[in-house]
Protein chains: 2
Amino acid sequence: MSSANSDTPTRILESTLALLEAPGGKLPTMSDIAKAAGVSRQAVYLHYPSRTDVLIAATRYQDQMLDMDTALAPSRTAANGRERLDAFVTAWCNHVPKIHGVARAIMALTSTDAEAKAAWDIRMTDLREGCAAAVAALARDGTLPDSMDQAKATDLLWALLSIRNWENLTQTCGWEQSRYAMTIRAMAVATLTQDTGPLTDALACPEPPA
Amino acid sequence: MSSANSDTPTRILESTLALLEAPGGKLPTMSDIAKAAGVSRQAVYLHYPSRTDVLIAATRYQDQMLDMDTALAPSRTAANGRERLDAFVTAWCNHVPKIHGVARAIMALTSTDAEAKAAWDIRMTDLREGCAAAVAALARDGTLPDSMDQAKATDLLWALLSIRNWENLTQTCGWEQSRYAMTIRAMAVATLTQDTGPLTDALACPEPPA
DNA sequence: CTGTCAATTGACACTGTGTCAAGCTGGAAG
DNA sequence: CTTCCAGCTTGACACAGTGTCAATTGACAG
């Protein structure tokens with residue numbers, strides 16, 4: 001709610017983010033957004049050509065605020081593939097809850113709105129590149145299972161990290177965020193490395209609320 | 001397209017299914033549905049109170065036609081937990097592409113329509129029960145990893161089998177259906193059994209188009 | 001012929017998006 | 001001080017889509 005002293009376009013984005021992160025998050029209408037920003041409906045159109053554009057701009061604004069690049073730094077400087085995978089998966093898993101409100105809105109639009117779909121695809125491509133980099137590091141170390149080429153490993157990791165999986169496990173199944181993160185990390189390791197040993201140990205993780 | 005000689009309500013459902021399974025599947029409007037069924041828009045309302053109800057009824061109609069219960073029979077008669085898991089996962093994986101058109105529509109509605117959400121939740125609960133049964137069979141055999149209680153194993157399997165994962169891997173990543181099915185099956189086995197041995201072998205699967 | 005049922009036609013209210021035109025206002029520039 | 005103008009407001013409109021209603025048609029059974 002740092003929405004008092006900014007200029008109108010920014011205030012609109014901040015209000016939109018607040019709406020999207022609200023608990024019973026319906027897709028806000030233009031009127032909702034305008035009201036939340038303390039501005040007339042037309043004022044919103046004065047700055048953003050359509051609702052989709054507002055939502056996409058809000059996403060970008062949030063990206064700026066959250067600074068994912070910094071969060072990924074440990075992953076890029078990891079000593080080996082396994083550590084890189086660990087760091088990347090952990091960083092992403094902890095990023096998801098922060099962007100979920102916004103992501104849910106964009107995902108909802110993708111079924112009807114081509115522009116939203118394009119914006120979403122870009123985001124997913126970015127994630128995919130991170131996955132590919134982690135997989136490439138594993139490949140360099142030779143720790144990728146023999147049967148798994150890099151493309152397939154990247155696809156699998158990307159699918160594993162999907163926001164829908166986060167939704168299913170934490171929202172629908174009620175998992176703690178920490179349990180989600182540790183389990184996904186363990187599955188990534190188990191699936192993408194020929195780590196014969198303590199698969200079982202790796203999948204161990206805090207029971208309900210530890 | 002067996003839509004010539006049925007009664008109107010059925011013809012509406014069949015036309016709706018055809019629209020949902022069409023390649024560039026947008027969410028059909030009531031006019032679309034009426035036109036496809038060769039009937040006036042109001043005639044649709046004469047049989048179904050809302051668009052959501054048409055879609056849900058179409059889902060149920062398709063369920064009847066596809067007879068998932070029969071497809072799951074091998075899973076129920078499996079000799080041990082591992083075989084049951086295999087059979088269940090395989091049956092579900094091969095079921096997903098058949099229901100995807102319909103599922104996508106219902107999923108799209110869940111964000112705005114409570115009734116659609118309820119219908120979807122029921123479907124997901126059914127899937128979850130199948131997962132729980134397979135997991136229970138593993139538990140009876142004692143082949144569940146020590147660190148994994150039945151509830152967690154069920155959650156994980158359920159998430160793994162989600163339609164979104166199928167979409168991501170086959171639609172977005174372009175995997176062949178067979179590759180999808182074999183990989184998911186292997187991941188399920190690797191994650192849910194303390195199968196120390198040939199994890200790598202299990203994850204092997206046909207390269208691109210074999 | 002008469003009822004009845006299914007379907008049709010055409011109208012309407014409502015919500016939401018996006019567009020347009022005219023008016024208001026406060027502050028900077030002359 | 002006046003003028004100007006950018007930013008915002010108000011209020012109207014067209015359009016698409018949902019869902020409702022009423023009057024009408026047409027066929028078929030009794």
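Numbers restart at 1 for each chain; the letters A, B, ... are given by sequence-line order, proteins then strands.
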Could you list the protein-to-nucleotides 7-9 of chain C atom pairs, N/O on both sides, closer than 3.5 Å?
{"from": "C:dA7", "atom 1": "OP1", "to": "B:Thr8", "atom 2": "OG1", "distance (Å)": "2.1"}
{"from": "C:dA7", "atom 1": "OP2", "to": "B:His47", "atom 2": "NE2", "distance (Å)": "2.6"}
{"from": "C:dT8", "atom 1": "OP1", "to": "B:Ser40", "atom 2": "N", "distance (Å)": "3.1"}
{"from": "C:dT8", "atom 1": "OP2", "to": "B:Ser40", "atom 2": "N", "distance (Å)": "2.8"}
{"from": "C:dT8", "atom 1": "OP2", "to": "B:Ser40", "atom 2": "OG", "distance (Å)": "2.4"}

task = Using whole Å, report how far CG of B:Leu109 lies from P of D:dT18.
result = 10 Å
ask   = When you measure from the side chain of A:Thr90 to the backbone N and O of A:Ala87, does any donor-acceptor pair fall under 3.5 Å?
value = no
task = Determine, for A:Arg164 against A:Glu167, whether the closest basic-nitrogen to carboxylate-oxygen distance falls under 4.0 angstrom.
result = yes
inquiry  = Can you tell me how the ring of B:Trp166 sits relative to the ring of B:Tyr180, calling it parallel under 30°, perpendicular over 60° and tilted otherwise?
reply    = perpendicular
message = Test your reading of the model: is there a side-chain donor-acceptor pair from B:Lys26 to the backbone of A:Ser111, 3.5 Å cut-off?
response = yes
task = For B:Met30 and D:dG19, give me the distance from atom CE to atom C1', rounded to whole Å.
result = 8 Å
message = How many whole angstroms separate atom OH of A:Tyr48 from atom C1' of C:dT17?
response = 18 Å
Interatomic distance, B:Lys35 NZ vs D:dA16 P [rounded to whole Å] = 13 Å
ask   = Are any side-chain N or O atoms of A:Asp86 and backbone N or O atoms of A:Glu83, one a donor and one an acceptor, separated by less than 3.5 Å?
value = no
key: Under 3.5 Å: donor-acceptor pair, side chain of A:Arg76, backbone of A:Asp69   = yes
note = A:Asp113 atom CG is separated from C:dG18 atom C1', nearest whole Å, by 13 Å
request  = Figure out the OH/C1' separation between B:Tyr45 and C:dA13, and round it to whole Å.
outcome  = 13 Å
